[in-house]
Visitor: 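Starting off with a structure, shown below.
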Amino acid sequence: MSRRRDFFKTLASIPVVGSLIPASLASAAPAGRNFLKELGVPPIINGAGVYTMFTGSLMLPEVVDAIRQMSTEFVRIDELHDRVGERIAEMLGAESAMVSSGAFGAMQLGTAACITGDDLEKIKRIPDIRGMKNEVVVQKSHWFPYNHAIRNCGVNLIEVETAEQIEAAIHGRTALLLFLNKAEREGKVGMQEFIDIGKKHKVPTMNDIAADVPPVENLTRSLKMGFDLIAVSGGKGMRGPQSSGLLYGRRDLIKAARMNTLPNSDTMGRGLKVTKEEIVAVMVALENYLKRDHKADWAEWERRVKTMSDAVAKVRGVKAEPFLPEIANEVPHVRISWDQSVVKIKPDDVKQRLRDGSPSIEVIPGDGYVPDTLEIASWMLKPGDAAIVGRRIFEELSKAV
Ligand SMILES: *Cc1c(COP(=O)(O)O)cnc(C)c1O
């Protein structure tokens, strides 16, 4: 993929640039109360990336402005939902769209829509789906914990491997064929073949692309290929509210998904409420995301990778290499590894010391992409953070030599 080649090529040619804005300025506390101080919850430097446990991404000022403005008026929520849905659909080239509570909420409502259609009796009964469509077919390699959103609708997930098995699994009670975008290369059935099977048997197909922007093209690529529904997070790469998401695709299904949630009280999705502030804020985040200078973002992320690499590579026996995760969080990262007979500390212990230090720093948790290494995502760092992270890792590693 040329994007990956370019990443490694440009990285070699980037001059060393220090942090552009001093950390003290970048993290200046707003006037008035300092809530984190008051509550005793320390802020962290986020070198992990977009993780719900680390509060996702940071909203841009225009997104926060939208929240502030919307918080001062009452509206008829359905009217707002309709108009914003139309705008979002137009921006993405979809028939229809709606704001949801995260990609999780999008998947749950999308599944409900495939089960109930616009039948009010069914909408009131779900997740008691006796006598209704009750199965969702998914490739084994596309199994993921977030499919609990689908199971919340009371359906059984039918796991299959081949195209023949998908076709054999489809019957009159099949609600949906579910695809996990980031597992595309792991499954035996590719995207186009999967979509075609759905069309042949008239069963809707849904693609979960939650964390797969950037690249921005992913917002529209699989929609154009023919998926009936797409679910994406609003609070990851798009930098809308952490709790927001989008569901877009076929008009009749989006209409049914809307019927399965607020303001309707007797619905499975009533708890998946979105506020007027979130509805407008994620629209603004999407507008911004579509017209952003993605190349400039990328160049900044590469600079951060270089800043961190240069800082730690000064320690003998330490190697810093740039890497790009394939699909999902596909942005510049750095992986730091070392000869543990020379630098006598384990990566997990360094992670703990970074966490316990001041400022507190999180890098990719758990085993990450390659176990027994330190991996850092560049895109959720604030200006100046890369230099701090590089310095802190340098300190801990050089102490262990
Ligand atoms: C993050 C994620 C979700 C959930 O998205 P939210 O916007 O947090 O609800 C679903 N699927 C995948 C693959 C994800 O990465």
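A quick note: this is a predicted structure, and the numbers were derived from the prediction, not measured. Read the numbers this way: they start at 1 and go in the same order the structure lists the ligands and their atoms.
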Visitor: Distance under 4.0 Å to a non-hydrogen atom of Ser233: what atoms of ligand 1 satisfy this?
Guide: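 Atoms satisfying the 4.0 Å criterion: 5 (O), 6 (P), 7 (O).
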Visitor: Does ligand 1 come near enough to Asp208 that some N or O of the ligand is less than 3.5 Å from an N or O of the residue?
Guide: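 Yes; the residue has a nitrogen or oxygen that sits under 3.5 Å from a nitrogen or oxygen of the ligand.
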Visitor: Asp82 pairs by salt bridge (charged side-chain N to carboxylate O under 4.0 Å, His left out) with which of Arg87, Arg76, Arg258, Lys255?
Guide: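 Among Arg87, Arg76, Arg258, Lys255, the one meeting salt bridge (charged side-chain N to carboxylate O under 4.0 Å, His left out) with Asp82 is Arg258.
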Visitor: Please say whether Gly234 places an N or O atom under 3.5 Å from an N or O atom belonging to ligand 1.
Guide: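 Looking only at distances, the answer is no, because the N/O contact criterion of under 3.5 Å is not met.
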Visitor: Can you give me the closest heavy-atom contact between His333 and Ala377, atom names plus distance?
Guide: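 For His333 versus Ala377, the nearest heavy atoms are NE2-CB, 3.4 Å.
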Visitor: Under 4.0 Å, heavy atoms only, figure out whether ligand 1 is touched by the backbone of Phe104, its side chain, both or neither.
Guide: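 Near ligand 1, Phe104 shows its backbone as well as its side chain.
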Visitor: Return the closest protein heavy atom for atom 8 (O) of ligand 1 as residue, atom name and distance.
Guide: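 For atom 8 (O) of ligand 1, the nearest protein heavy atom is Thr52 OG1, 4.1 Å.
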Visitor: Please state which protein non-hydrogen atom is closest to atom 10 (C) of ligand 1 and give its distance, to 0.1 Å?
Guide: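 It is Tyr146 CG, 3.4 Å.
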Visitor: For residues Gln340 and Asp372, is any side-chain donor paired with an opposing acceptor at under 3.5 Å?
Guide: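 Yes, Asp372 and Gln340 have a side-chain donor paired with an acceptor closer than 3.5 Å.
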Visitor: Do the ring planes of Phe179 and Phe227 sit parallel (below 30°), tilted (30 to 60°) or perpendicular (above 60°)?
Guide: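 Tilted, since the angle between the ring planes falls between 30° and 60°.
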Visitor: Whether Arg83 and Glu79 form a salt bridge (side-chain N of Lys/Arg under 4.0 Å from carboxylate O of Asp/Glu) is what I want to check.
Guide: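 Salt bridge absent between Glu79 and Arg83.
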Visitor: State whether Glu95 and Arg250 are salt-bridged, where the test is any N-O pair (Lys NZ or Arg NE/NH1/NH2 against Asp/Glu carboxylate O) under 4.0 Å.
Guide: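 Salt bridge between Glu95 and Arg250, a charged N being under 4.0 Å from a carboxylate O: no.
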Visitor: Under 4.0 Å from any heavy atom of Ala211, which atoms of ligand 1 are there?
Guide: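 Selected atoms, number and element: 15 (O).
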Visitor: Name the residue from Leu120, Thr267, Asp119, Thr116 that meets the side-chain contact (heavy atoms from CB on, under 4.5 Å) definition with Met259.
Guide: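 Only match with Met259 under side-chain contact (heavy atoms from CB on, under 4.5 Å): Leu120.
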Visitor: Which of the listed options, Met238, Gln108, Met107, Lys236, holds the heavy atom that is closest to atom 3 (C) of ligand 1?
Guide: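 Looking at heavy atoms only, the winner is Lys236.
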Visitor: Has ligand 1 got any nitrogen or oxygen that is less than 3.5 angstrom from a nitrogen or oxygen of Lys182?
Guide: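 No, Lys182 has no N/O under 3.5 Å of an N/O on ligand 1.
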